[in-house]
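For reference, the structure is listed below as structure tokens.
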Amino acid sequence: MLARLQSFIQFFFQLKGDMVLKVVEKGQHKDVVIKEGECYLHPSRIPHSPQRSKDTLGLVIERERSKEEIDGLRYYIDGTTDPLWEQWFYCYDLGTQLVPVIESFFDSEEFKTGYPPPGKIFPTPPVKIDTSTAVQTPQNFQKWCETVVRGSKVLFGSGEFKVVVWGEGVQEEENPGETFLWQMKGDAQVHCKQGSATMSAQSCTVMNPGERFTVTRGANSLALTVTIDPLASKMPKVANGVN
């Protein structure tokens, strides 16, 4: 199994079809099935490997890395949680950087034999693997939305990511990190220092760190916001989730 290793949380929202997120939880391999319409917050420092089939579509949000943060790719010996091969790198563009790392593995002796060289000792990884946290159950987003008509409800509210569902009303914020705004249903008026704009259904935008903004949503409006705070606790917490 190929797994990614990161020092920050990731937000998954499965828009079409189902996917499987293979993880190593407490030293054991586990499959987390994220069904269509479900969302999931993956904790930091837990190895994970997204598996998606044809004709599926999902949204994944992860924050920009600081210069001190390193990503890792690790292959495991089949049927075990023992490392076979790994490489660590500063990730600034996953789309272009991932393939060369995988190709390096395919060119390695480890790929040919299925085992690391005799006597090889892997150095201490720059990211300390979390072996004590249990991953959470994906949340049924549609059921959660049915409870929101006016105001807002927090889906995930502790940690680097704050995920909120909004109905009719006014949102006024200034956040230390980026804020992703997704107007899922109805229209919204957005006002900030750069100007004003109308967000129609299924449109999205990103507000910059420290930027004060106001969003006014009308009746029958539904929106999702994801706020990133790199300095917050890295342990996610579900706020009265709906399964």
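Only this structure's heavy atoms are used, side chains among them; waters, hydrogens and symmetry mates stay out. Keep in mind that this is a model prediction, so the values were computed, not measured.
A perpendicular orientation is assigned to the rings of Phe11 and Phe156, their planes being inclined by more than 60° (bins at 30° and 60°). A tilted orientation is assigned to the rings of Trp85 and Phe105, their planes being inclined by 30° to 60°.
Taking every heavy atom of both residues into account, Gln97 and Tyr92 meet most closely at OE1-N, 2.8 Å. Among all heavy-atom pairs drawn from Ala3 and Tyr76, the shortest one is CB-CE1, 3.8 Å. Between Arg217 and Ala223, the shortest heavy-atom contact is NE-CB, 3.1 Å. Nearest approach of Gln6 to Val127, heavy atoms of both residues: O-CG1, 4.0 Å. Closest approach of Tyr40 and Gln136 over heavy atoms only: CE1-O, 3.3 Å. Nearest approach of Phe161 to Glu62, heavy atoms of both residues: CZ-CA, 3.9 Å.
Atom SG in Cys204 sits 8.5 Å away from atom CG in Leu59 (nearest 0.5 Å). A distance of 12.0 Å separates CG in Asn208 from CD in Glu174, rounded to the nearest 0.5 Å. The distance from the CD1 atom of Ile77 to the CG atom of Asp82 is 5.0 Å, given to the nearest 0.5 Å. Between atom OG of residue Ser132 and atom CZ of residue Arg45 there is a gap of 7.5 Å, rounded to the nearest 0.5 Å. Taking NZ of Lys162 as the start and CG of Leu41 as the end, the distance is 14.0 Å to the nearest 0.5 Å. The structure places OH of Tyr90 at 11.0 Å from CG of Asp93, a figure rounded to the nearest 0.5 Å.
One finds no salt bridge joining Lys35 and Asp18 here, because no Lys/Arg side-chain nitrogen approaches an Asp/Glu carboxylate oxygen to under 4.0 Å. No salt bridge links Arg65 with Glu68; every basic N to acidic carboxylate O contact stays at or beyond 4.0 Å. Using a cut-off of 4.0 Å between Lys/Arg side-chain N and Asp/Glu carboxylate O, Glu168 and Arg150 are scored as salt-bridged. A salt bridge does not link Asp55 with Lys16: every distance from a Lys NZ or Arg NE/NH1/NH2 to an Asp or Glu carboxylate oxygen is 4.0 Å or more. Salt bridge annotation for Glu178-Arg63: absent, with no cationic side-chain nitrogen under 4.0 angstrom from a carboxylate oxygen.
Within 6.0 Å of atom CD in Glu64, 12 or fewer heavy atoms from other residues, nucleotides or ligands are found, so the atom counts as exposed in its surroundings. Within a 6.0 Å radius of CG in Asn220, other residues, nucleotides and ligands contribute 12 heavy atoms or fewer. Atom CG of Asp107 is surrounded by more than 12 heavy atoms from other residues, nucleotides or ligands within 6.0 Å. Environment of NZ in Lys120: crowded, with over 12 heavy atoms of neighbouring residues, nucleotides or ligands closer than 6.0 Å. Around CD of Glu146, the count of heavy atoms belonging to other residues, nucleotides or ligands within 6.0 Å exceeds 12.
Taking the centre of each ring, Phe13 and Trp182 come in below the 6.0 Å mark.
Taking the side chain as every heavy atom from C-beta outward, Val24 and Met1 approach each other to under 4.5 Å. Counting heavy atoms from C-beta on, the side chains of Lys30 and Val135 come closer than 4.5 Å. A 4.5 Å side-chain heavy-atom check between Asp71 and Phe89 finds at least one atom pair inside the cut-off. At least one side-chain heavy atom of Trp166 sits less than 4.5 Å from a side-chain heavy atom of Thr225. Side-chain contact check for Ser221 versus Asp187: every heavy-atom pair is 4.5 Å or farther apart. Contact annotation: the side chain of Tyr115 never approaches that of Glu110 to less than 4.5 Å [non-hydrogen atoms, C-beta and beyond]. Proximity of Gln51 to Lys22: side-chain heavy atoms (C-beta onward) are separated by under 4.5 Å at one or more points.
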List the steps and the verdict of side chain to side chain contact (heavy atoms under 4.5 Å, CB included) for Leu5 and Arg74. CA-CA 8 Å; Leu5 295 164; Arg74 172 182 287 180; 4.1 Å; yes

Working note: Asn140 + Gln142, criterion side chain to side chain donor-acceptor pair (under 3.5 Å); need CA distance, chi angles, decisive distance, verdict. CA-CA 6 Å; Asn140 187 312; Gln142 183 59 42; over 6 Å; no

Pair Lys153, Val164 - check side chain to side chain contact (heavy atoms under 4.5 Å, CB included), show working. CA-CA 6 Å; Lys153 277 196 173 183; Val164 184; 6.0 Å; no

I would like to know whether Ser200 and Gln202 meet side chain to side chain donor-acceptor pair (under 3.5 Å); could you show each step before the answer? CA-CA 6 Å; Ser200 56; Gln202 296 304 316; over 6 Å; no

Between Thr131 and Lys26, does a side chain to side chain contact (heavy atoms under 4.5 Å, CB included) hold up when you go through it step by step? CA-CA 4 Å; Thr131 59; Lys26 298 183 178 180; 5.9 Å; no

For side chain to side chain contact (heavy atoms under 4.5 Å, CB included), just list the numbers for Thr56 and Met19, CA-CA rounded to whole Å, side-chain angles, deciding distance to a tenth of an Å, and then say yes or no. CA-CA 8 Å; Thr56 62; Met19 68 162 287; 5.8 Å; no

Carefully, step by step, assess Asp130 and Thr133 under the rule side chain to side chain donor-acceptor pair (under 3.5 Å). CA-CA 6 Å; Asp130 185 338; Thr133 298; 2.6 Å; yes

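For the residue pair Thr216 / Gln189, no side-chain donor-acceptor distance below 3.5 Å is found, with atom types taken as modelled. Using a 3.5 Å distance cut-off with no hydrogens or angles, the side chains of Ser152 and Gln171 do not pair a donor with an acceptor. If you check the side chains of His191 and Thr214, you find no donor sitting under 3.5 Å from an acceptor.
Between the side chain of Glu109 and the backbone N or O of Phe111, no donor-acceptor pair lies under 3.5 Å. Judged purely by atom type and a 3.5 angstrom limit, Gln28 has no side-chain atom pairing as donor or acceptor with the backbone of Glu25. Within the 3.5 Å criterion, the main-chain N or O of Leu2 finds a donor-acceptor partner in the side chain of Ser49. Looking at His48, its side chain does come within 3.5 Å of a backbone N or O of Ile46 through a donor-acceptor pair. Between the side chain of Glu160 and the backbone N or O of Ile9, at least one donor-acceptor pair lies under 3.5 Å. The backbone N or O of Gly17 sits less than 3.5 Å from a side-chain atom of Glu36, completing a donor-acceptor pair.
Linking Ile, Leu, Val, Met, Phe, Trp and Tyr residues whenever their side-chain heavy atoms come within less than 4.5 Å leaves Tyr75 and Val99 in two separate clusters. Hydrophobic clustering (ILVMFWY, side-chain heavy atoms < 4.5 Å, transitive): Phe8 and Phe12 are in distinct clusters. In the hydrophobic clustering of ILVMFWY residues, with side-chain heavy atoms under 4.5 Å counting as a link, Ile61 and Leu155 come out together. Note on Trp144: it clusters hydrophobically with Val226, by side-chain heavy-atom contacts below 4.5 Å among ILVMFWY residues. Side-chain heavy atoms closer than 4.5 Å link hydrophobic residues (I, L, V, M, F, W, Y) into clusters, and following such links, possibly through other members, connects Ile228 to Phe180.
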